[in-house]
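Heads up, the thing below is written out as structure tokens.
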Amino acid sequence: NLDDKNQIQESNKQLNAYNKEIDAQINKLKKDLAATNKAEAKKNITNEIKSLETTKKQNQQSIAANTKKLGELNSQP
């Protein structure tokens, strides 16, 4: 179904864009982490980085599942 394919492709496009934003935020946080000497701030920043990395991993898994589904849809007559 063409609509399904288009929705999956759009979803992957959005997830990839979101992952780019996550990468940018992680890079910023890593700089902040290196710049601070306060233990509590380091802990909070580290936790935020871990959370973003988890979200990115979930997005990557969704992208992989969507890509597999697209392959299945494309192989149907």
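Just so you know, these numbers come straight off a predicted model, no measurement behind them.
- Contact record, Leu29 with Ile45: O-CG2, 3.4 Å, taken as the closest heavy-atom pair.
- The backbone N or O of Asn37 lies less than 3.5 Å from no partner atom in the side chain of Lys42, so there is not a single donor-acceptor pair.
- Rounding to the nearest 0.5 angstrom, the gap separating the OG1 atom in Thr46 from the NZ atom in Lys30 is 10.5 Å.
- Ile63 and Leu52 fall into different hydrophobic clusters, where Ile, Leu, Val, Met, Phe, Trp and Tyr residues are linked whenever their side-chain heavy atoms come under 4.5 Å apart, directly or through other members.
- Here the closest non-hydrogen pair linking Ala41 and Thr36 is CB-OG1, 3.7 Å.
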Gln61 vs Lys57, test: side-chain contact (heavy atoms from CB on, under 4.5 Å). Steps then yes/no.
CA-CA 6 Å; Gln61 290 170 340; Lys57 183 177 180 182; 3.8 Å; yes

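- Between the OG1 atom of Thr54 and the CD1 atom of Ile49 there is a distance of 12.0 Å, given to the nearest 0.5 Å.
- For Lys13, the NZ atom sits in a loose shell: 12 or fewer heavy atoms of surrounding residues, nucleotides or ligands are nearer than 6.0 Å.
- Atoms CD and CG, on Gln58 and Leu15 in that order, are 11.0 Å from each other to the nearest 0.5 Å.
- Through direct or indirect side-chain contacts shorter than 4.5 Å among Ile, Leu, Val, Met, Phe, Trp and Tyr, Ile8 is connected to Leu70, Leu73.
- Between the side chain of Ser51 and the backbone N or O of Asn47 there is no donor-acceptor pair closer than 3.5 Å.
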Point to revise | Audit row: Glu10, Gln14, side-chain hydrogen bond (donor to acceptor under 3.5 Å, both in side chains) steps and yes/no | key: CA-CA 6 Å; Glu10 181 61 27; Gln14 290 175 3; 3.1 Å; yes

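- For the atom pair CG of Asp23 and NZ of Lys56, the computed distance is 3.5 Å after rounding to the nearest 0.5 Å.
- Looking at residues two or more places apart in sequence or on another chain, you find a salt bridge (Lys or Arg N to Asp or Glu O under 4.0 Å) between Lys28 and Asp32.
- Checked by atom type and distance alone, the side chain of Ser11 never pairs as donor or acceptor with a backbone atom of Gln7 at under 3.5 Å.
- Partners of Asp4 under the salt bridge (Lys or Arg N to Asp or Glu O under 4.0 Å) rule, at least two apart in sequence or in another chain, do not exist in this structure.
- Here the straight-line distance linking atom NZ of Lys68 with atom CD of Glu72 works out to 5.5 Å at 0.5 Å rounding.
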